[in-house]
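See below for the structure under consideration.
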Amino acid sequence: MTGSHCYCFFGIISIFFSLIIHTLSSTTPHSCLHHQREALLEFRDEFPIDELGPNPWNKSSTDCCLWKGITCDDRSGQVISLNLVETFLNGSFKTNSSLFRLQYLRHLHLSYCDIQGEIPSSLGNLSRLTLIDLSHNNLVGEIPVSIGNLKRLRHVELGANTLIGAIPSSLGKLNQLRYLSLAANELTGGIPSSLGNLSSLLELKLSINHLVGQVPDSIGKLNDLRVISLSQNTLNGAIPISFANLTKLYHISLRSNNFTSTLPSDMSVYHNLEHFDVAANSFLGCFPKSLFTIPSLQVVYLDDNQFIGPIEFVNTSSSSSSSPKLEIISLASNIFIGLVPESISKFLNLGEINLCGNNFSGHIPRSISKLVNLQTLNLASNNLEGQVPAYLWRLTTVTLSNNFLSSFENPSQETLIQALDLNSNSFQGPFPHWICNTKGLSFLDLSNNLFNGSIPLCLEDSIASFSDLILRNNSFSGTLPDIFANAIELRSLDVSRNQLEGNLPKSLINCKALQLVNMESNRIKDVFPSWLGSLPSLHVLILRSNEFHGTLHHHHVFVGFQSLRIIDISHNDFTGTLLPYCFSSWRGMTILREEDDPYMADIINDSVFYRNSMVMVSKGVELSFERIQQDFRAIDISGNKIYGKIPESLSFLKELHLLNLSGNAFTSHIPRSLANLTKLETLDLSRNKLSGQIPQDLGELSSLSYMNFSSNLLKGLVPRGTQFQRQNCSSFSDNDRLFGLEEICGKIQVSPPTSQQPEKLSEPEEELFSWVAAAIAYGPGVFCGLVIGHIFTSYYHKIWSKKNTISGR
């Protein structure tokens, strides 16, 4: 018994240890397979990975399953996931890439890798793939049809590339697909109806392409769809009726297309909807009241459509109206009328309201004061009138421009305002002093009103936070106070079209961020502010129509201004000459920089985007530039008393578009080097004392669409260039010795000289001309003399004969 018990005991112990060893061996990760390791190393070598950068894998490490971005199957050792997100590969896929030897690959993450070239059709051979993410690369070409063979795919992300062509209908075969994003490419054609077969799809993102046509009805079969984003295409027609089946949608974005229908009459079927954006289309009809009965709704953009009528918010159930989730409502740029409803205050979580660009009338509702989370209110470009209520000053952004508002209610508590736009209303009286008490005000626009009196000194207390101070077109008087010592954030200062006088405040020299200074049409009496030339970012300087005086070259005035793009000092009393080198340092007019925005602008915050404006004479007409292009370069020195030669250094300003030197006293010849200004569109040299010829090379400036050389002392042949022949005759008037104007002016009284260089006739030509003229004059004279002599002789002979006869009797 004892022996059998021992054998039994040892048998149990052996089985126990065997189970432990088997368990340990089965849970130990399998090391990388040799052929998988070699395939990965070959794939790495297909790309010119920077040797100085991090190398994703090391040949000295034998187990590729431990490499960064590699995941292997625990049992088989097969590579099942490749994740090289944000690895700078900087190359293209090979058609026979070793990547396609990883037949057990399930996840392929290669976003933000700077991959170029086309997606190989061989990708369709990786039949076990469930996820493909090649987004945010530089891929080109078409989407391979072979992707439709990958029946296990659940996630496809190819967005933010430059893929072209149509969306392959074969994608409709991927019946396990839950996520499809082809956004931000260059795809064309229509949305394939086969996408309606993707019965498991949760998110469909096709925005920012060039897709056309109508949305297929079949999309309405995607009953599990949560997100649909088709924005920024050229889709048209109506929202399919079948969309009523998509009751699980929480995000709908159809922005920036050509949809022309009405919205569905009952929007409440989308009972999970949180984000609804149909802005920038041509949707019609009345305000969609049912949309605002959805309890989950958070964001609504209906702007830039053709909705009409009044707006009203119907009463909802007590449970939903007690704590609505709506945070943003934008109804801008439609045709809504009537009052801004007091009932808008029931959406207690509202943080942003945008109703600009409609026909709302009446007063600003006082009920809005209940919206304690409100930060941004835009009621611009309506027909609102009356007083601005004090509660608005606790918001951060208030835009009330282009209305008929006439007064303020003074704030009763500390103001939190950061951006205040009151331009183009009916405000009058002195500058509102409560603005001096603001601490974080960045943007202030009071332009185009009836404000008068002086600009207060107390503004110095708040101006440190200012980025833009726009007081244009009012009746402010007195001097511009010297309040800018701490205005280090100031980028735009526009006090044009007021009645300011005195000198420019020297404290502007501290405004190192200043880009625009506009003092146009005031009574400022000062010398040229050469000291502004040291400001490193000054792009636009407008001193037009003031009483500035003196010369322009004191203390090397033009040595600075290295960033200057536009200068208008016309219609002042400047005198003296322009030094030959005075434009040589103006680098801002010699080069262009890449800009994020094509226009000069300030992004104040998420809701305020201010574009600078100005008035300037262009092509002989005073124009209002509502937006200033970043690449526009202009010099206007007209209407002063500047004399002497036109500086040759003007020819360095290769990017110059407009040059106006008219109405001065410039002498000598027009520099031939002006023909180097190949982007010049406007050239006005009229009303000076210029002499000599118009340089023939100017006729080769194809961009020169307007020119004026009138009222000078010019002579010689007008250039034959096409642009010259398109000018008005008046552009060359009052230059008595110009010729070659027949095609421009028609028949003219004065005959042109026969030679191309009439002032340099040779002596033989002069002698020949004299003899011919004498011969022409002498011949008729002799002939007339002979005839008259003959007549006289005959007559005298008859009289003489008659006398003799009488005497003989």
Side-chain angles (χ1 to χ4, degrees), residues 135-136 157-167 180-192 195 203-216 219-220 225-240 243 246 249-264 267 270 273-285 287-288 291 297-308 327-336 352-358 376 378 380-381 596-599 601 603 606-609 611 627:
S135 63
H136 297 276
E157 171 64 274
L158 302 178
N161 283 287
T162 318
L163 299 171
I164 62 172
I167 298 173
L180 175 61
S181 176
L182 308 177
N185 279 287
E186 304 288 337
L187 299 173
T188 55
I191 299 174
L195 296 187
E203 298 189 24
L204 176 61
K205 298 181 179 181
L206 305 177
S207 59
I208 317 177
N209 279 288
H210 304 293
L211 301 176
V212 297
Q214 298 188 2
V215 179
I219 300 298
L225 201 62
R226 267 69 166 177
V227 174
I228 182 167
S229 179
L230 307 178
S231 61
Q232 297 186 47
N233 282 286
T234 319
L235 301 168
N236 56 38
I239 297 176
F243 267 41
L246 307 179
L249 279 171
Y250 66 79
H251 183 108
I252 299 175
S253 181
L254 307 179
R255 172 185 287 266
S256 299
N257 279 285
N258 294 326
F259 291 111
T260 55
S261 66
T262 58
L263 295 178
M267 298 290 295
Y270 304 108
L273 193 60
E274 298 176 0
H275 183 108
F276 185 70
D277 185 354
V278 294
N281 280 282
S282 298
F283 282 109
L284 309 167
F287 181 71
L291 175 64
L297 194 64
Q298 297 178 19
V299 176
V300 175
Y301 292 106
L302 302 180
D303 39 301
D304 291 303
N305 280 287
Q306 298 178 34
F307 294 113
I308 61 172
E327 297 175 1
I328 297 174
I329 178 171
S330 180
L331 310 179
S333 301
N334 281 284
I335 318 173
F336 292 122
E352 179 179 337
I353 299 174
N354 187 354
L355 306 182
C356 76
N358 284 284
T376 300
N378 189 344
S381 301
D596 294 333
D597 191 284
Y599 301 99
I603 301 175
D606 292 340
S607 304
V608 177
F609 185 78
R611 285 197 169 112
R627 298 180 294 182

task = Enter the distance from Ser181:OG to Glu203:CD here, rounded to the nearest 0.5 Å.
result = 9.0 Å
ask   = Could you give the distance from CG (Asn354) to CG (Leu302), rounded to the nearest 0.5 Å?
value = 11.0 Å
ask   = Can you check whether Leu246 reaches Ile252 side chain to side chain, under 4.5 Å on heavy atoms?
value = no
Straight-line distance of Leu204 CG to Ser229 OG, nearest 0.5 Å = 8.5 Å
ask   = For Phe259, does its backbone N or O pair with a side-chain atom of Asn281 as donor and acceptor, under 3.5 Å?
value = yes
ask   = Does the side chain of Leu182 reach to within under 4.5 Å of the side chain of Leu163, using non-hydrogen atoms?
value = no
key: For the student: nearest non-hydrogen atoms of Ser207 and Asn233, plus distance   = CA-ND2, 3.8 Å
inquiry  = Please check: side-chain N/O of Asn378 versus main-chain N/O of Ala380, any donor-acceptor pairing under 3.5 Å?
reply    = yes
Nearest-0.5 Å distance, CG of residue Leu284 to CG of residue Asn334 = 10.0 Å
request  = Taking all heavy atoms of Leu195 and all of Ile191, pick out the closest pair and write down the distance.
outcome  = CD1-CG2, 3.9 Å
message = Quick check: closest heavy atoms across Ser330 and Tyr301, and the distance to 0.1 Å?
response = CB-CD2, 3.6 Å
Shortest non-hydrogen separation from Lys205 to Val227 and the atoms involved = CE-CG1, 4.2 Å
message = Has Asp303 got a side-chain atom pairing as donor or acceptor with Ser333's backbone, closer than 3.5 angstrom?
response = no
inquiry  = Counting C-beta onward and ignoring hydrogens, is there a side-chain heavy-atom pair between Ile167 and Leu211 closer than 4.5 Å?
reply    = yes
query = Would you call the rings of Phe336 and Phe287 parallel, tilted or perpendicular, where under 30° means parallel and over 60° means perpendicular?
reply = perpendicular
message = As a quick check of understanding, evaluate side chain to side chain contact (heavy atoms under 4.5 Å, CB included) for Asn236 and Gln214, giving each step before the final call.
response = CA-CA 5 Å; Asn236 56 38; Gln214 298 188 2; 3.4 Å; yes
key: Pairwise distance OG(Ser282) to CG(Asp304) - rounded to 0.5 angstrom   = 10.0 Å
key: Val215 and Ile239: CA distance, side-chain angles, deciding distance, side chain to side chain contact (heavy atoms under 4.5 Å, CB included) verdict   = CA-CA 7 Å; Val215 179; Ile239 297 176; over 6 Å; no
query = Hey, does the side chain of Asn185 reach the backbone of Asn161 with a donor-acceptor pair shorter than 3.5 angstrom?
reply = yes
task = Apply the test side chain to side chain contact (heavy atoms under 4.5 Å, CB included) to residues Leu291 and Leu273: give CA-CA distance (whole Å), side-chain angles for both, the deciding distance (0.1 Å), then the verdict.
result = CA-CA 9 Å; Leu291 175 64; Leu273 193 60; 4.0 Å; yes
inquiry  = Testing the 3.5 Å rule here: is there a donor-acceptor pair between the side chains of His210 and Glu186?
reply    = yes
task = Would you name the heavy atoms of Arg255 and Asp277 that are closest together and state the gap between them?
result = NE-OD2, 2.8 Å
message = Working to the nearest 0.5 angstrom, can you tell me the gap between Leu254 CG and Gln232 CD?
response = 12.0 Å
